[in-house]
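Just so you know, ligand 1 is whichever comes first in the structure, and atom 1 is the first atom listed for that ligand.
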Amino acid sequence: MSQTALKKIESLRREIERHDHLYHVVGEPEISDREYDLLLKELADLEDANPESRDPDSPTQRVSRGLLPGFKTARHSAPMLSLDNTYSLEELEAFDARVRKLLGKDDVEYAVEPKVDGVAVALRYVDGRFTQGLTRGDGTEGDDITANLRTLRSIPLRLQGRDLPRELEVRGEVYMESRSFQKMNERRVDAGLAAFMNPRNATTGSLKMLDTSEVAKRPLQIFLFSVVRPERHGLKTQIHALRWMTDLGLRVNPDNSSAQGYAALRRVCERWETKRERLPYGTDGLVIKVNSFRDQEALGFTSKSPRWGIAYKFGVHEAETKLLRIELQVGRTGVVTPVAILEPVTLLGTVVSRATLHNQDEIERKDFRVGDRVVIEKGGEVIPKVLRVVPGSGRRGPKFVMPTKCPVCGTTLVRDPEEAATRCENPLCPAQVRSRIVHFASRGALDIEGLGWKTVDWLVDAGLVKDAADLYHLHERKSRLVEIERLGEKSVSNLLAGIERSKTAPLDRLLHAIGIPHVGATIANTLADHFGTLEALAHADEEALLEVEMIGPEIASSVARFFFSKAGRDFVRRLTEAGVRPEARARRRAATGPLAGKTFVLTGTLEGMTREDAARLIQEAGGKVSSSVSSKTHAVVAGSDPGSKLDKAKTLGVEVWDEPQLKAALKRAGITPASRPA
Ligand code: IVH
């Protein structure tokens, strides 16, 4: 090959790379598309005539020949985590407060970037050449989609500049602009193909195609937003890293800013609420990061996400309405919760007319009053909460005062100075009695069908039951029951049969049903296993309880207190006298089965069963269930919306099962969860 040809090829490559950069990264092309195509054609012809000049990183080589065989997986050099979400400025302020406290600083500088709605990827450059592109995958391992990513002209195959790092990993988001997405969909529909749901789905779908020539036709874009191990490249701050990546020719979102302190951060966020509509791509929030990498390092990570960053979701999760009344709700354990009764308002598709006000302190701090217009929010929790008063919004009632007496039974309320909660300590309080009975009969406990709130209300109002032990005398008053319950004879018979059946339920179920504080289904099973009979457990003192695996001081003291109290002893005696004879211990049908002796941790929502059911079934199959993941955990069973336990599992390399895997293992142990009502 002649030196001049080689030189020409090299200079054409550089020139085309420059135009790729100007067009796809900077967004300021210098030449027309036609001129660009001509340059590319000239290069391709020269390369064809001089096959020895071939270079996989030439601009002509972005599309690979033929179909890909599939995607291999590869490990990430550092876990690819995601950020926690906040849905309101209040939560954001709390984030800032947490950061300041941990850093011991009065004021923290933040970097703020739009949260681009696409697909996260990691790009590796070795000696300035793009060598590997991975999807997030499970955060530890991702799919190797290098061939597909090479088709994106906004991803340079070679970095710019002289002082190139030997190794570099950057992360970012592949996405589609709203208009290109729309146009692509129109073209698809014209061609008789199905339209994509949204740009993010279209992006995911595109990156998974095995035909790179098809991927090349998709309007995929990328923004890079993080440098992995920035200190190795002498970078001090996130804003610095963004500038540095730009200098290397990487595409960085120009809409980034910094904010010194919470007040400035808040202003930036507020400005974005309207500014976001002008962006050419979809975004549902902002990403806020502590700017200094040294501070980021000091803050570190929880098992799930970094403490130095948070996603701030735009305010669609809030709604404004009027606070009509404040009611008090007395729970099973006597905790009195103030509840806001609201003018009904639609929030994220559901009508909300009640929201929690948490406790007295919260009401005082935020000065909620009847008559106020208030902002409510659906955050991470299911129950909406009242966030703040809209200032100057209406005729305000008097300050809220927490009553000194229980609104249900009139007993003087007690407030533990250590705790924010106010309690009614009368175990006979009808509100507590009712919710205890409902709990006693609930599915995770003794599973007595037909004993929900309504029926329990009737039974208590009619004076037929005062606590769960009275349920076992109901059969003596069947005629009264039919009269009062308006249920008809059949339902009454079913109810009585259910109650009768519950007398011989496994011990762990009964223990859970009794509702001793801190004793849920899992602990109940542990206790049942260890003590075997109700009698043995009732005689165990704190010390004996502490010897049980998984039982800590708090649980031990709670259990001992219950069985040594007069009320607790009476209750157990009455159950026994009524003929309650729990099955001595949980059946261990498969002491040698596939789950025997192995420890499992459950996280997320399972579809076909509750977590409590799953725990019980695992225990029936001889397995153990623990609430925290350690290297001894055999597997973490993850449903939808899993929590931090999943991340912990990944970090520790613990096996992760999905629900079908669990079901299959249970089946092999001779336990069929499907036989239980869903
Ligand atoms: S920083 C530890 N910056 O949103 C994760 N993420 O949960 C740090 N995203 O997984 C991520 N735009 O896929 C970051 N400017 C941005 C982003 C961004 C979009 C995505 C990303 C991440 C998720 C946050």
Side-chain angles (χ1 to χ4, degrees), residues 76-87 91-92 95 99 110-123 133-140 142-143 145 149 154 169-177 198-201 203-204 207 220-230 235 237-246 250-259 265 268-269 272 275-276 279-293 295-297 299-314 380 641-644 646-647 650-651:
H76 290 295
S77 62
M80 217 169 150
L81 302 177
S82 61
L83 296 170
D84 264 351
N85 291 322
T86 50
Y87 296 95
E91 281 180 298
L92 187 62
F95 164 75
V99 166
Y110 296 99
V112 186
E113 302 155 44
K115 186 168 183 297
V116 183
D117 201 11
V119 176
V121 294
L123 310 182
L134 303 180
T135 62
R136 184 209 302 279
D138 64 6
T140 310
D143 281 333
I145 53 163
L149 289 174
S154 49
E169 183 175 331
V170 291
R171 290 175 180 175
E173 197 91 348
V174 176
Y175 69 98
M176 278 185 200
E177 292 195 347
N198 54 47
R200 182 217 277 260
N201 281 358
T203 305
T204 313
L207 291 177
L220 297 169
Q221 295 269 40
I222 193 167
F223 275 138
L224 281 319
F225 47 64
S226 22
V227 175
V228 177
R229 302 198 212 295
L235 300 168
T237 66
Q238 169 66 9
I239 297 288
H240 187 183
L242 294 176
R243 212 178 318 123
W244 184 72
M245 285 194 285
T246 309
L250 295 164
R251 191 161 185 267
V252 169
N253 193 336
D255 266 317
N256 61 72
S257 50
S258 60
L265 179 62
V268 174
C269 292
W272 267 109
K275 218 166 109 183
R276 60 187 281 225
L279 291 175
Y281 49 86
T283 164
D284 58 350
L286 298 170
V287 172
I288 291 155
K289 305 168 190 170
V290 169
N291 195 27
S292 149
F293 288 136
D295 286 348
Q296 285 194 5
E297 205 180 308
L299 289 162
F301 296 80
T302 66
S303 57
K304 198 174 147 236
S305 45
R307 287 198 193 86
W308 44 256
I310 201 136
Y312 169 77
K313 298 292 192 99
F314 292 124
D641 287 331
S644 58
L646 179 59
D647 301 291
K650 286 176 189 160
T651 320

For this session: Using heavy atoms and a cut-off under 4.0 Å, could you grab the residues that are in contact with ligand 1, chain by chain, numbers ascending?
Result: Leu81, Ser82, Leu83, Glu113, Pro114, Lys115, Val116, Ala120, Arg136, Glu173, Phe225, Val287, Lys289, Pro306

Exercise. Within the distance-only criterion (no hydrogens, no angle test), does the side chain of Thr86 pair as donor or acceptor with the backbone N or O of Leu92 below 3.5 angstrom?
Worked result: no

Problem set entry | Side-chain donor-acceptor pair present, Glu113, Gln238, cut-off under 3.5 Å | yes

Problem set entry | Plane angle bin for Phe223 and Tyr281 - parallel if under 30°, tilted between 30 and 60°, otherwise perpendicular | perpendicular

Exercise. For Trp272, what residues pass the ring pair (Phe, Tyr, Trp, His ring centres under 6.0 Å) criterion, not counting sequence neighbours?
Worked result: none

Problem set entry | For Phe293, ring pair (Phe, Tyr, Trp, His ring centres under 6.0 Å) partners two or more places apart | none

Problem set entry | Residues in side-chain contact (heavy atoms from CB on, under 4.5 Å) contact with Arg307, at least two apart in sequence or another chain | Leu102, Leu299, Thr302

